[in-house]
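In what follows, a structure is listed as structure tokens, so that the remarks can point back to it.
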Amino acid sequence: MKWSQTYIPTLRDDPTEAEIASHRLLVRAGYIRKLAAGVYNYLPLMQRVLLKVTQIVREEMNASGAQEILMPVLHPSELWRQSGRWETVGRELMRARDRHDRDLVLGGTHEEVVTSLIRGEVKSYRQLPLNLYQIQNKFRDEIRPRFGLMRGREFIMKDAYSFDKDEESFKVAYQKMLDAYFKTFSRCGLETRMVEADTGAMGGKAAHEFMVIVDTEGGENIIFYCDKCDYAANMDKASSLEENPQEEEESEKPLEKVATPDAKSVEEVTAFLDVPARKLAKTLLYKADGKVVAAMIRGDRQINEIKLENFLGCINLEMADAQTVEKITGAAVGFAGPLNLKGVTIVADEEIPRLRNFVTGANQNDYHFKNVNIGRDFKIDQVTEIRCAQEGETCPRCEKGKLYTNRGIEVGNTFMLGTKYSQALGANFLDVDGKEKPFIMGSYGIGITRTAQAAVEKFHDEKGIIWPASIAPYSVEVLPLNVADEMQTRVAFEIYEKTKEQGIEALIDDRDERAGVKFNDADLIGLPLRINVGAKSLKENKVEIGVRKTREVISVGQNQAVEKCKELLSDL
RNA sequence: CGGGGCGUGGCGCAGUCUGGUUAGCGCACUUGCUUGGGGUGCAAGGGGUCGGCCGUUCAAAUCGGCUCGCCCCGACCA
């Protein structure tokens with residue numbers, strides 16, 4: 001393709017809309033343009049990248065035995081009501097209304113649709129297993145769209161859905177998808193780490209996420225992994241062994257109410273009373289679907305609301321507002337404690353029962369209790385793990401290794417749905433034993449647009465993008481330094497034609513621009529190889545091949561250029 | 001939704017506080033010359049309902065109200 005004939009609106013200056021490197025570069029290099037918050041145009045170069053990624057995904061999905069279909073974007077709300085997600089997904093669901101005032105959903109995922117598609121049609125275990133997938137624009141009413149394509153309101157996703165007759169068969173199907181995912185991302189030039197994840201509004205039994213590990217702020221997720229075994233989980237899911245599972249061997253001291261004027265935060269109280277944070281129990285009040293619940297956790301810990309929400313089995317969990325706190329505890333926020341807390345369920349982290357003679361709020365302004373002891377002073381209703389794991393703690397799986405953290409970009413996810421959707425929507429089949437059973441389902445997503453941007457976030461430098469060869473919009477850029485020089489132009493076009501004959505996708509920068517402009521644009525758009533055709537080299541019948549990734553420049557005879565590129569590309 | 005900020009040629013911004021010339025600058029664009037291995041130089045041009053509506057005023061980009069959109073921080077996250 002000739003540069004002069006394609007639309008590549010590069011910018012000399014950084015766009016202000018972008019915060020992270022990949023977003024900035026995609027805009028600056030003329031790959032994307034924003035239409036509205038979280039909604040983007042994909043320009044010619046981007047479209048080529050997306051087609052490359054899509055093609056790889058398609059090939060690997062097909063190889064795994066999945067079949068491509070295309071489902072509607074527009075869904076009737078009834079389906080989402082049947083599955084219960086009209087309520088549970090709530091705010092993220094992109095909704096619309098037609099002229100008859102009927103509610104519609106712009107699909108962000110298609111469990112309901114695909115289940116209704118096969119229900120009534122797939123009636124026998126003989127028709128299983130089945131895996132259907134599609135690649136399509138998806139919608140999500142993001143609370144705050146961010147980071148370009150990373151967190152958009154409209155984006156492209158591959159979503160696959162598997163149907164099996166039993167757990168055994170499902171395991172095989174699930175493993176097939178995991179294998180396909182590793183292959184897919186690896187072919188895109190991205191090493192991924194699979195981590196355990198929470199199932200969220202998706203429901204089901206278990207879930208995994210595929211993360212591209214990055215060390216920039218573009219990595220939105222924190223993942224925990226063990227240095228000794230293969231345990232890896234995201235922040236929501238990660239757990240750790242208790243550092244001290246024995247009960248503390250301290251004899252109970254008498255309960256004491258102490259004045260703690262203006263000391264509300266853990267830091268203030270522990271400093272004032274001169275006790276370590278781990279000897280204090282925070283009491284946090286939540287509203288779980290409207291019902292007030294108290295969560296107790298050690299002072300040096302962070303609460304994991306996902307774990308609490310899952311434990312309570314509620315749809316909506318939020319911190320109680322100051323008014324509610326005052327009504328329940330009779331004191332301002334910061335002085336809540338478990339003693340004399342009436343009509344509220346107390347859920348405690350599993351570390352709490354180990355504590356002896358600890359500090360809690362007194363449910364009275366400017367007072368705390370010291371030497372609080374469970375059993376003697378108050379009762380806990382339920383105990384479970386509701387704390388966040390922390391770096392350096394012991395791995396819950398092998399019980400030997402230490403946990404480390406990394407930042408990651410989620411590019412794929414897989415969910416073991418079980419029978420959640422098949423049951424809710426009445427999708428059953430007849431098994432060998434003649435009994436009617438709901439399908440065992442799995443759902444599997446790959447963010448196409450997000451994967452492309454993750455590659456940029458992972459591979460770039462201060463000059464621009466450095467595409468992995470497999471998903472670069474073109475493999476080679478041919479760059480005649482001065483198009484006014486007929487010789488250069490002629491040789492450049494000869495080489496360009498030859499790349500095409502050899503099946504190498506090339507872009508030729510035939511614009512009448514200064515060499516510097518073209519060099520900078522070339523670095524910016526980030527094709528793996530560049531062939532410089534300039535007067536200096538041509539004197540010796542040579543051209544230069546620049547490798548974007550290594551910045552290496554190789555001088556070769558003008559007739560060897562294409563062969564050399566082929567060779568270089570096989571390693572990129 | 002809470003906190004902060006922005007909206008002025010295609011892009012990036014100044015001007016707004018303290019109302020009053022013809023609304024200005026850089027980049028980009030057009031034409032001519034020049035230059036030709038890392039964003040050439042010179043000259044001449046084109047392009048703006050100052051987000052929108054209502055109001056105050058002799059006079060509004062500038063003051064007030066409403067509204068729309070966008071960005072940042074936070075809560076949320078298939």
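A, B, ... follow the sequence lines: proteins, then strands. Residue 1 opens every chain.
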Gap between atoms CD and P, on A:Glu92 and B:A75 respectively (whole Å): 14 Å
Minimum heavy-atom separation for A:Lys158 and A:Val57, please, with both atom names. CG-CG1, 3.5 Å
Look at the side chain of A:Arg530 and the base of B:G38, then say whether one donor and one acceptor between them are separated by less than 3.5 Å. yes
Protein-nucleotide distance (A:Met487, atom CE; B:G37, atom C1'), rounded to Å: 16 Å
Looking at every strand, decide which applies to A:Tyr444 at a 4.0 Å heavy-atom threshold: base, sugar-phosphate, or nothing. nothing
Reckon A:Arg85 has a side-chain N or O less than 4.0 Å from the OP1 or OP2 of B:A78? no
Indicate, yes or no, whether a donor-acceptor pair under 3.5 Å links the base of B:G39 to the side chain of A:Glu513. no
Using a 4.0 Å heavy-atom cut-off, does A:Leu481 contact any base of the nucleic acid, only the sugar-phosphate backbone, or nothing at all? base
Step by step, would you call A:Asp461 with A:Arg548 a salt bridge (charged side-chain N to carboxylate O under 4.0 Å, His left out)? CA-CA 10 Å; A:Asp461 61 19; A:Arg548 180 68 182 87; 2.8 Å; yes
How would you label the contact of A:Glu111 with the nucleic acid (heavy atoms, under 4.0 Å): base, sugar-phosphate, or nothing? nothing
Does the pair A:Asp103 and A:Arg97 meet the rule for a salt bridge (charged side-chain N to carboxylate O under 4.0 Å, His left out), with working shown? CA-CA 5 Å; A:Asp103 288 318; A:Arg97 193 160 279 177; 2.9 Å; yes
Check every strand shown and say whether A:Glu305 touches a base, only sugar-phosphate, or nothing at a heavy-atom separation below 4.0 Å. sugar-phosphate
Assess whether side-chain contact (heavy atoms from CB on, under 4.5 Å) is satisfied between A:Ile20 and A:Gln453, documenting all intermediate values. CA-CA 11 Å; A:Ile20 63 172; A:Gln453 187 171 341; 3.8 Å; yes
Take atom NE2 of A:His23 and atom P of B:C70, then tell me their distance rounded to the nearest Å. 13 Å
Check this for me: does the side-chain of A:Asp523 come within 3.5 Å of the base of B:G39 through a donor and an acceptor? no
B:C71 to B:C66 separation - P atoms, rounded to the nearest Å: 23 Å
What does A:Asp14 touch in the nucleic acid at a heavy-atom separation under 4.0 angstrom: a base, only the sugar-phosphate, or nothing? nothing
Which label fits A:His75 and A:Trp80: parallel for a plane angle under 30°, tilted from 30 to 60°, or perpendicular past 60°? parallel
Students often get this wrong, so: under 4.0 angstrom with heavy atoms, is A:Ser443 touching a base, only sugar-phosphate, or nothing? nothing
According to the interplanar angle, ranging from 0 to 90°, do the rings of A:Tyr174 and A:Tyr444 count as parallel (below 30°), tilted (30 to 60°) or perpendicular (above 60°)? tilted
Atom pair distance, as rounded to whole Å: CD in A:Glu309 and P in B:A75: 15 Å
Polar side-chain contact A:Arg28-B:G39 base: donor and acceptor under 3.5 Å: yes
Verify the contact: side-chain N or O of A:Arg144 to OP1 or OP2 of B:C71, cut-off strictly under 4.0 Å; return yes or no. no
Is A:Lys34 touching bases, backbone alone, or none of the nucleic acid, heavy atoms closer than 4.0 Å? sugar-phosphate
I need the CG-C1' distance between A:Asn520 and B:G38, as an integer number of Å. 6 Å
Partner of B:G45 by Watson-Crick or G-U wobble geometry, both contacts under 3.5 Å, or none? B:C29
Round to the nearest Å and state the distance from A:Asp509 atom CG to B:G36 atom C1'. 14 Å
Need one value for A:Asp321: base, sugar-phosphate or nothing, where a base atom within 4.0 Å counts as base even if backbone is also close, heavy atoms only. nothing
Reckon A:Arg153 has a side-chain N or O less than 4.0 Å from the OP1 or OP2 of B:A78? no
Please report, rounded to the nearest Å, how far the C1' atom of B:G36 is from the CZ atom of A:Phe519. 11 Å
Identify whether any heavy atom of A:Ile306 sits under 4.0 Å from a base atom; if not, whether one sits that close to sugar-phosphate; answer base, sugar-phosphate or nothing. sugar-phosphate
